[in-house]
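These notes concern the structure reproduced below.
The sequence lines fix the lettering, A, B, ..., with proteins before strands; numbering per chain opens at 1. Side-chain atoms are counted along with the backbone in the values below, which use heavy atoms only and exclude waters and symmetry mates.
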Protein chains: 2
Amino acid sequence: MSRAEPSRRGSRHGRAGIRDVAAAAGVSITTVSDALNGKGRLPDATRRHVREVADRLGYRPSAAARTLRTGKSGLIGLTVTTYGDEPFTFTEFAYFAEMARAATSAALARGYALVILPATSRHDVWSNVALDGTVVIDPSDHDPVVSDLVRQGIPVVSDGRPAGTLPVTAWVDNDHEAAVLGILDHLAAAGARRIGLLTGTSTDTYTRLSTHAYLHWCERVGQDPVYEKYPAHDPCAGAVAADRLLARPDRPDAVYGLFDPNGTDLLAAARRYGLRVPDDLLLVCCSESTVYATTEPPITTLSLKPRRIGTAVVQLLIDAIEGLDSGRPVEQVIPTELIVRTSSQRRPPRTTVSPPRGPAV
Amino acid sequence: MSRAEPSRRGSRHGRAGIRDVAAAAGVSITTVSDALNGKGRLPDATRRHVREVADRLGYRPSAAARTLRTGKSGLIGLTVTTYGDEPFTFTEFAYFAEMARAATSAALARGYALVILPATSRHDVWSNVALDGTVVIDPSDHDPVVSDLVRQGIPVVSDGRPAGTLPVTAWVDNDHEAAVLGILDHLAAAGARRIGLLTGTSTDTYTRLSTHAYLHWCERVGQDPVYEKYPAHDPCAGAVAADRLLARPDRPDAVYGLFDPNGTDLLAAARRYGLRVPDDLLLVCCSESTVYATTEPPITTLSLKPRRIGTAVVQLLIDAIEGLDSGRPVEQVIPTELIVRTSSQRRPPRTTVSPPRGPAV
DNA sequence: ACTGTTGACAGAGACGTTTCTGCAAGTGGA
DNA sequence: TCCACTTGCAGAAACGTCTCTGTCAACAGT
């Protein structure tokens with residue numbers, strides 16, 4: 001009999017603990033821990049034996065105990081900004097879904113899991129989960145949650161250039177000014193004389209920078225700005241704003257819409273006013289949705305590359321968590337991609353039915 | 001001086017612990033714990049004092065320690081099925097996004113947070129996070145992860161009726177058979193003579209039940225089935241399948257598409273074949289996307305009500321976690337909603353411009 | 001004055017890991 | 001033979017919280 005029984009009952013409440021494995025394998029808990037984690041100096045025979053016993057007992061290490069001991073939970077937060085009364089809303093469904101997917105994959109590949117945590121969550125939820133770090137999407141000026149996390153020494157990486165002096169560990173964003181200027185130039189090259197903008201009322205970085213770039217461009221080329229704002233989180237307001245934009249006396253002959261649904265909204269509005277796209281109206285919108293490839297006509301879209309952003313954000317965050325970073329804040333710019341389709345070209349591209357290179361085989 | 005200093009160093013590694021608060025407030029850690037958690041028998045003065053000191057020190061209880069002690073982590077998993085090589089894909093962007101959003105909100109409202117965990121994650125990630133329960137979306141026949149969780153006594157609630165004898169705690173689903181039959185009847189009532197189906201090759205419950213209902217309906221009304229299958233996770237295959245369906249010699253005069261992008265794909269294919277919608281072809285597809293309200297023509301869609309499903313799933317799961325459930329498996333059916341638009345009506349609805357009730361005011 | 005009760009706290013385990021330190025046995029060289 | 005070093009493992013101390021079980025004073029009832 002053992003001189004001091006290590007645990008009062010064999011497996012005291014269902015699940016087997018490390019002590020049970022140690023007892024069953026006839027070794028110490030140190031040996032079990034080392035064998036299972038690939039540490040220590042153990043012969044392969046012992047390692048195999050311990051693993052086998054652990055498997056037989058269905059042993060699962062307690063994540064809580066491990067986290068408590070090591071200080072690492074393997075969890076990273078994904079914080080989304082919130083609007084209105086619903087705990088949170090995706091302004092851009094496809095963008096968020098793609099970004100979250102890429103972020104999850106990237107995190108998983110490095111052994112981390114993602115926790116969805118709206119910024120305005122009840123405070124107790126935030127403090128009830130042990131996070132190794134957090135991704136924040138479009139943090140507002142002086143986000144109290146972010147400040148709090150930073151004060152606790154938890155790495156925070158932002159999707160979207162942080163406003164103000166938010167002290168994030170790193171951030172990833174597109175060059176929104178360049179993207180907007182590129183689109184405006186593209187539309188102008190296609191023959192647009194007066195380019196309108198469909199933009200939002202909120203003050204997030206994306207909306208602010210994009211609108212500013214538009215105004216700047218107008219000033220440079222000497223065009224009067226023609227734009228309509230609407231609350232981007234309200235799905236109905238977009239259709240109304242699109243209508244308003246095309247109902248103006250100084251109706252634009254080209255429009256860029258900053259938000260995902262703007263394309264279909266503008267198309268519907270154009271139909272109501274008898275405007276043909278692209279003949280009477282050139283259209284571009286910022287979207288990750290594939291529906292714009294099959295609308296009538298297909299609509300040119302700007303992709304912000306959410307997959308690349310999601311991946312980059314997580315990589316930077318985990319690097320910071322694991323101390324692989326330089327220690328200095330990192331700023332990473334992801335290029336956008338303009339997917340040119342019929343809606344922004346005066347001369348529709350030749351169909352592939354009759355290739356100009358010669359008779360088909 | 002104190003007779004036995006309670007902790008070797010004041011705050012030994014940055015963050016303040018409960019001991020530091022106790023020392024600073026001049027009480028025991030028991031009192032601190034009770035004061036902060038609203039337990040025990042303490043006068044309000046003490047309670048306030050402790051809370052104040054805790055705030056001043058920026059005390060945040062360790063989630064890991066609490067979890068270890070109480071056995072509850074406040075975390076629930078959201079498991080999504082995976083396809084192909086990417087760690088995971090959303091077959092239905094909008095559905096998943098809505099469902100996840102509702103689930104997150106519902107969880108948060110009850111003090112829980114959601115962890116995204118693809119079913120095929122590296123095993124170490126699964127065992128590295130302490131879950132109080134899990135939501136699984138469309139579990140496959142004998143999902144090893146689900147079995148494992150159930151064996152550990154962790155509640156599992158499924159979105160989608162589980163196939164086989166998967167022993168889930170509860171499940172929530174639509175009545176897919178009834179939904180399909182309703183749509184087919186709707187199309188037949190609108191004058192359809194031969195209704196086609198665009199379906200998937202995968203064996204998940206949704207695809208299986210829907211297809212089966214279609215075949216059953218065909219048999220009942222004496223119509224030859226006209227359907228095309230394609231791998232639903234491949235975004236390009238849908239367009240090809242839509243084309244194939246309309247290219248058949250026994251071309252249907254109405255089509256129901258089981259997946260979100262089918263509407264635009266079918267619309268594009270119809271245009272290629274010179275078919276007018278709804279005059280030559282009636283169209284319905286299952287989608288949560290709002291784009292179908294503004295396509296030309298607007299397309300009738302079936303909504304599976306992902307918000308209600310996400311909420312219901314989480315409520316059932318948390319009830320089970322907190323022991324508020326009956327203990328018996330619960331099966332909850334959420335009704336679907338058919339949003340009738342132009343694409344499935346031979347006579348387009350009268351516009352609101354000239355109401356039939358008489359002269360406008 | 002004795003007993004029982006209640007209020008207001010303090011002490012001391014657990015919870016289940018990881019890991020630092022330590023010990024005994026074996027190995028090789030001088 | 002002795003010393004230094006390595007190998008293979010065991011002991012025990014954290015990690016930070018919650019909570020069961022006291023303890024001590026005050027007080028009421030008889």
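The distance between atom CZ of B/Arg15 and atom P of D/dC15, rounded to the nearest whole Å, is 13 Å. The distance from atom NZ of B/Lys72 to atom C1' of C/dC15 is 14 Å, rounded to the nearest whole Å. B/Arg19 places its CZ atom 13 Å from the P atom of C/dA12, with the value rounded to the nearest Å. Following rounding to the nearest Å, A/Arg47 (CZ) and D/dT7 (P) show an atom-to-atom distance of 13 Å. Rounded to an integer number of Å, the gap from CZ of A/Arg41 to C1' of C/dC23 is 11 Å. In this structure, B/Leu36 places its CG atom 13 Å from P of D/dT19, rounding to the nearest Å. Atom C1' of nucleotide C/dA8 and atom NZ of B/Lys39 are separated by 18 Å, given to the nearest angstrom. We find that CG of A/Asp44 is positioned 14 Å from C1' of D/dT7, with the value rounded to whole Å.
With a 4.5 Å cut-off on side-chain heavy atoms, A/Val50 and A/Leu36 count as touching. When side chains are defined from C-beta on, A/Tyr95 counts as touching A/Ile309, because their heavy atoms get closer than 4.5 Å.
For B/Pro43, the side-chain atoms get nearest to C/dC9 when compared with the rest of C/dC9, C/dT17, C/dT19.
Residue B/Ser62 is classed as a sugar-phosphate contact, given heavy-atom separations below 4.0 Å to backbone atoms only. Nucleic acid contact class of A/Arg60 (heavy atoms, under 4.0 Å, all strands): sugar-phosphate only. Among the atoms of the strands shown, only primed sugar atoms or phosphate atoms (P, OP1, OP2) are found under 4.0 Å from some heavy atom of B/Arg66. Backbone-only contact: B/Thr46 has heavy atoms under 4.0 Å from sugar-phosphate atoms and none from a base. Contacts of A/Thr31 with the nucleic acid, taken as non-hydrogen atoms under 4.0 Å apart, involve only primed sugar atoms and P, OP1 or OP2. Nucleic acid contact for A/Asp34: base, since at least one base atom lies under 4.0 Å from a heavy atom of the residue.
When B/Asp132, B/Val157, B/Thr134 are each tested for a side-chain contact (heavy atoms from CB on, under 4.5 Å) with B/Leu317, only one passes: B/Val157.
There is no side-chain donor-acceptor pair under 3.5 Å between A/Thr30 and A/Ser33.
Toward the 5′ end of DNA chain D lies the nearest nucleotide of A/Leu42, the other residue of the pair A/Leu42 and A/Ile29 mapping further downstream. In terms of position on DNA chain C, the residue among B/Val27 and B/Leu68 whose nearest nucleotide sits closer to the 5' end is B/Val27.
The main-chain N or O of A/Ala64 is never found under 3.5 Å from a side-chain atom of B/Thr67 such that the two would form a donor-acceptor pair.
Side-chain to base pairing of A/Thr30 with D/dG11: one donor and one acceptor N or O lie within less than 3.5 Å of each other.
Across all non-hydrogen atoms, the minimal contact from A/Ala107 to A/Ile318 is CA-CD1, 4.1 Å. Looking at every heavy atom in both residues, A/Leu42 comes nearest to A/Ala35 through CD1-N, 3.6 Å.
Close to C/dA10, at under 4.0 Å from its OP1 or OP2, lies a side-chain N or O of B/Ser28.
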Derivation of the side chain to side chain contact (heavy atoms under 4.5 Å, CB included) call for B/Val115 and A/Val115: CA-CA 4 Å; B/Val115 185; A/Val115 185; 4.0 Å; yes

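Looking at residues 50-59 of chain B, you'll see that no heavy atom sits under 4.0 Å from any atom of DNA chain C.
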